[in-house]
Each structure stands twice: as structure tokens, then as C-alpha cells.
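Fair warning: this is a prediction, and the values are worked out from it, not measured in the lab.
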Amino acid sequence: MKRAVIYARYSTDLQNDQSVEDQIRLCMGHAERLGVEVTAQFFDRARSGASMFGRPGLSNLMQAAEAGSFEVVISEAPDRLSRDIADLAHIHKTLKFRTVEINCVNGGLMDTLQIGMHGVMGQMQREEGAKKVKRGMVGVVKSGRHAGGRAYGYKPVVGSPGQLEIVEQEADTIRRIFELYAGGASPRAIAGMLNEENVSPPRGVKWNASTINGSGKRGHGILLNPIYAGRLVWNRVRMVKDPATGRRISRANDASEHEAVAAEHLRIVNETLFQAVGLLKGSRAGPNAKALPKNKRILSGLLKCGACGGGLSIVGADRSGPRVVCSTHKESRSCDNGGRYYVEKIEKQVIDTLRIQFADTAIIDAYVREYEAEKKRGEADRRKGRAHAEKALQDTKDAITRIVEKLSKGLIEDDDAAALLPGLRLEREKWKIELETVPPVSNVFEIKPKAVERFRQNIENLGDILARRGAEPSLELAQEFRRVVAAIVVAPRRPGEDYRIEIKGYLTSLVSEEMSAVLMVAGEGLEPPTRGL
């Protein structure tokens, strides 16, 4: 007598949990008619048939098949095994190789032709079901009801599915955010203020700039959500399943696919303010945001906090000029450095320091001599590091191969494989990148006197320009400056103390390309590179 196993599955939590028992009962009757002995039962409750991932029952069945524990799989219909063409074909092909047949209550013995037909029908039914769900959701939105997902500022109306009501305390926070942004406050500053006042965020434990800014393409974020202006918009994103991992990911839909309806009863922000904020965001963001001028100061983007490494951003101005503060401190207060610094004073100190250091090319010679010695010390370490990276890359590839082989043989559960593979793939890419970016071995160093002289002259020009308040350096001059200066680190200070800065820069413009990664470091003045830089 042939040994048989039964497989049953139902899709969602909305279905009757007894569905599995009903399927097993039908399959037991079919087994009696076939004259086979049922040795085991496998099932998956509330699991989609769109993927083989995340179905421990099916995984256990495939493992038992590899062990030769049975000769027949009995199921109510092929779509219980899978509702994906490729997956069903793979299951059939694997079981056939193990000399295991699929025999269904509805359809009998499955051959290749029937598997193909049922696979097509199962996938078409699944996709048609998704379309019907989407049509139903459109009806929900058109009726003025919410189609799902939590929105800050609202809560569901008990006993009325799809209906929302405003939470006044949260609505006050939303109005305040809109008013602050329209008044010129940045999302970072707003988030820092709310965190300081211990206002509960929509999710997590802290407000941050992205919660307020959101994504213009997806319509997420406090400032972009049309529900606050009394409009329900649905179908901004769609969920797709990654066939490699079985995980669902979201993708933004084109605006032409959005479904919108007026919901004035949900309005929190008046139309004038909402439109004003939208125009303001449009001027600061959008597809050309990176090309927009962010700040015309020569050190814009180069200033770093000496306490946490975060950037310094404009916080205001007084009679002595604009001031900057640590943006991390301003946004979340997670940095203790709340000192404020005059930008023009930092600029003057930087220019004066560079003037002194580039007055004589001997300082560049010192950089090269120290770097040459450092590079010789580093070459041995790099060779060891490359060998280590090559071995780590091969070990990671081998680990991925072993998991894939075990998965195909049913020796590892899908959930375990899905948890392990992404991390290993990231590790593999990390080692690949590290090997690709290992610099070539070279002992050639060449000072470029003309480049040094040009940079010295640029420093003089910058000094003259910055001495005239309100004057702006040309784009070309600013670019030349940034080719050498990489960052200006400003140390924390108490009121009344002198500014202490550290200048970090590249020798790219001053020496051959082999030295493009060398850093210059300055405390009170520039010092030659030291071991470890």
C-alpha cells in the first residue's frame, strides 16, 4: 500500500479556521477511495498561496518528500499547494523527481499539462481577487470612508468601519507644525522643539524631520498628507511581493492612479495655510532640489560639530552676523553642544590659518614625507586587509550557496532562510565594494608647484572677498576651495572662549592622484598627517 500525506491551506485570517479541518476531511475520504495509507498531515493556516515563503507546512512536506517518507500528496485542489504558476510547477517538478505524485480531490492525478492549466487558473483567480479587493476599496473611498492605515490626528469611530474622527490634542500639534513651517522653521527645528516638550510622535519614541517632511512622491509626512486639508487620497502606493524573498514591498503609483474624494469633516488645517505650506515646500524640494542653492557661504556644508560630528546649520543672526549651531542639538537635543558660533568669525580664522600654512611649500613637502612613510606602513596592512576581504567574500558566497541548497532541498524553513539571506547578501556586497575600492600600490609622489600657487592665490582672493561684508565668492572660486578643504570641525566652547577649529582637507589638487585620500589636520594650525589618518 502506498504511503500518502495530506496538505491543506487557507489564505487569510478572515476565512474560517475550520477550513483546514474541512479540507483534511475531504482528503481523507479521497485517500480511502485511492486505497492509500495516510501517514502525515501538513497544513498552513492564514498563509497566502502567492509564495512558497513563510509556509512551514509546505516546507515540512518538501523535507519529508526528500527523506522518502511518502509516495502521494493529496490536496483538495492544486491551488492549495500554490496559486503561482512558477511555484506550482517547481513543486510538481521536485516531487516528480522524488517519485511522488500529486493527487487532488478536485482533478485526480496531476500530470504536467494539468499542473500548467491549474497554475494559470490559480494565478488568474488570485490576481482577479486582488482586482476585486481594489474595486471594493475604491468604493470605500468614494463613499467618504477611510480605506485603512493609521493617520496621526484621527481615530476610528467605534462601530462604524471606515469612519474617522479628529483627535483634538493631536490636531493642535498638526496645526502648530504647519504654522511653524510656514513661519520659516525647518522640520528639524520643529522636531527638536516637539521632542523637547515631550509631545508624543505618530510612532516610535521621537519626532524627526522625515516624519514632518515625508515623501512628496508617496504623499507621506505631516506637511504633505492631504487628509489634513479634508481630502482622502487612496492608491498612492501598491504592494508587490519580491519573488526572491517572499516579502511584500511598497512602490509608489503614478498620480493618475490615485483615488481622491472630499472629506471636509476631517479637515484640520485651513486651505490657505495648507496651500502656503505646499508652495513653500515646492520651492525647497522637488526633482531639482539638489540643484537649488542651499547657502551662499563659502563654508556651507563643511562645518561639523566637534562633539558629535553632525553638521552646523544657521540658527539666526544678530548685529555681528549669522550664527550656526549643531543641527543634531537643534533637532533632537541628543548632542550636548548647544554653543552658537559666528560664521564670519570661523571663515576668517580658516582663511588666516590657510594663509599661514601655504605661505611656504615646505609644509607640503612635510605632508608628502610623512605620507610616504605612512603609506609604506599602510601597504602591508592593506595587503593583509585585501587577503582578509577576499576570504570573507568567499566565505559569504559559500554561506549563501549552502542556504539556497538547503532551501531547495527543504532542509531549512523558509522563515529562517528569509531572515538569513538578506544579511548575507549585504555582507557580500560590502566585501565586493571593499575589494573594488582598494587603492593601487604606488610609491610615486609629485608636488605640483603651480597647483600650490593657485590655491594660495585663491586663499588670498577669498580673504579679500570675505573682508567685504555681504560679498559672495564666485562659483569657480568656491569649487577650487572645496577641492582642498573637506571639513571644518568646530570644538565645543564656553561663552567667552576662543574658537578652536580643525581643518580637514584633501591634497588632490596639490599632489598626484595617488595621494587623493590624504587628510590634512589642523588644530591651532595645520599639522602634517599623522599615523591613522
Side-chain angles (χ1 to χ4, degrees), residues 2-11 19-20 23-24 26-28 30-31 34 36-112 114-120 122-123 126 241-248 399-422 424:
K2 288 185 177 181
R3 297 167 298 170
V5 297
I6 291 173
Y7 180 77
R9 177 189 63 82
Y10 71 92
S11 298
S19 176
V20 163
Q23 292 176 46
I24 290 175
L26 287 172
C27 292
M28 289 295 292
H30 189 61
L34 293 175
V36 296
E37 178 188 3
V38 176
T39 59
Q41 299 173 3
F42 301 95
F43 52 84
D44 289 305
R45 300 180 189 271
R47 302 285 182 171
S48 170
S51 172
M52 293 176 63
F53 286 93
R55 294 168 61 187
L58 180 61
S59 178
N60 293 337
L61 183 149
M62 300 301 286
Q63 291 180 41
E66 184 176 7
S69 301
F70 56 90
E71 291 81 35
V72 182
V73 173
I74 299 176
S75 186
E76 181 186 18
D79 64 5
R80 296 302 87 198
L81 290 168
S82 178
R83 302 190 75 173
D84 179 87
I85 300 172
D87 286 349
L88 184 60
H90 172 75
I91 293 170
H92 176 256
K93 185 177 181 179
T94 302
L95 292 177
K96 186 176 181 181
F97 176 75
R98 305 292 179 196
T99 66
V100 175
E101 65 183 45
I102 299 174
N103 204 308
C104 298
V105 176
N106 301 324
L109 180 64
M110 295 288 113
D111 57 21
T112 302
Q114 287 177 299
I115 286 293
M117 292 175 59
H118 281 283
V120 170
Q123 182 157 327
R126 175 169 58 84
K241 187 164 288 189
D242 185 344
T245 64
R247 297 183 181 276
R248 298 174 76 237
I400 292 174
T401 300
R402 287 194 296 271
I403 290 175
V404 172
E405 287 177 350
K406 288 181 179 180
L407 184 62
S408 65
K409 294 178 181 179
L411 297 177
I412 186 173
E413 293 188 3
D414 298 332
D415 289 343
D416 294 335
L420 293 171
L421 284 174
L424 287 171

Does the ring of F43 carry R45 above it, NZ/CZ under 6.0 angstrom from centre and within 45° of its axis?
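R45 over F43 ring: yes.
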Find the distance between [atom1] ([X]) and [atom2] ([Y]) and round it off to the nearest 0.5 Å.
| X | Y | atom1 | atom2 | result |
| --- | --- | --- | --- | --- |
| Q123 | D87 | CD | CG | 9.0 Å |
| R98 | T94 | CZ | OG1 | 7.5 Å |
| I91 | I102 | CD1 | CD1 | 7.0 Å |
| L88 | R83 | CG | CZ | 11.5 Å |
| D79 | N106 | CG | CG | 9.0 Å |
| L58 | R47 | CG | CZ | 11.5 Å |

Would you check if the side chain of S11 reaches a backbone N or O of S48 as a donor-acceptor pair within less than 3.5 Å?
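No.
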Checking the side chain of R80 only, and the main-chain atoms of R9 only, is there a donor and an acceptor separated by less than 3.5 Å?
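Pair found, side chain donor or acceptor close to backbone of R9.
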So which heavy atom on [X] is nearest to which on [Y], and how close?
| X | Y | answer |
| --- | --- | --- |
| C27 | I74 | CB-CG2, 3.7 Å |
| A31 | V38 | CB-CG2, 3.5 Å |
| A50 | D84 | O-CB, 3.8 Å |
| S82 | G49 | OG-O, 3.5 Å |
| D44 | G57 | OD1-N, 2.7 Å |
| L109 | N103 | N-OD1, 3.6 Å |

Close side-chain approach of F42 to V73, heavy-atom, < 4.5 Å
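F42 vs V73: side chains apart.
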Check whether any side-chain heavy atom of D111 lies under 4.5 Å from a side-chain heavy atom of H92, and answer yes or no.
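Answer no - side chains too far apart.
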Would you check if there is a donor-acceptor pair between the side chains of Q23 and S19 at a distance under 3.5 Å?
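Yes, Q23 and S19 have a side-chain donor paired with an acceptor closer than 3.5 Å.
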Thinking salt bridges, do R3 and E71 make one under a 4.0 Å N-O criterion?
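Yes.
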Check the pair T112 / K93 against side chain to side chain contact (heavy atoms under 4.5 Å, CB included), numbers first and verdict last.
CA-CA 9 Å; T112 302; K93 185 177 181 179; over 6 Å; no
Residue among L81, I6, L26, I24 satisfying side-chain contact (heavy atoms from CB on, under 4.5 Å) with E76
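Between E76 and the candidates, side-chain contact (heavy atoms from CB on, under 4.5 Å) is satisfied uniquely by L26.
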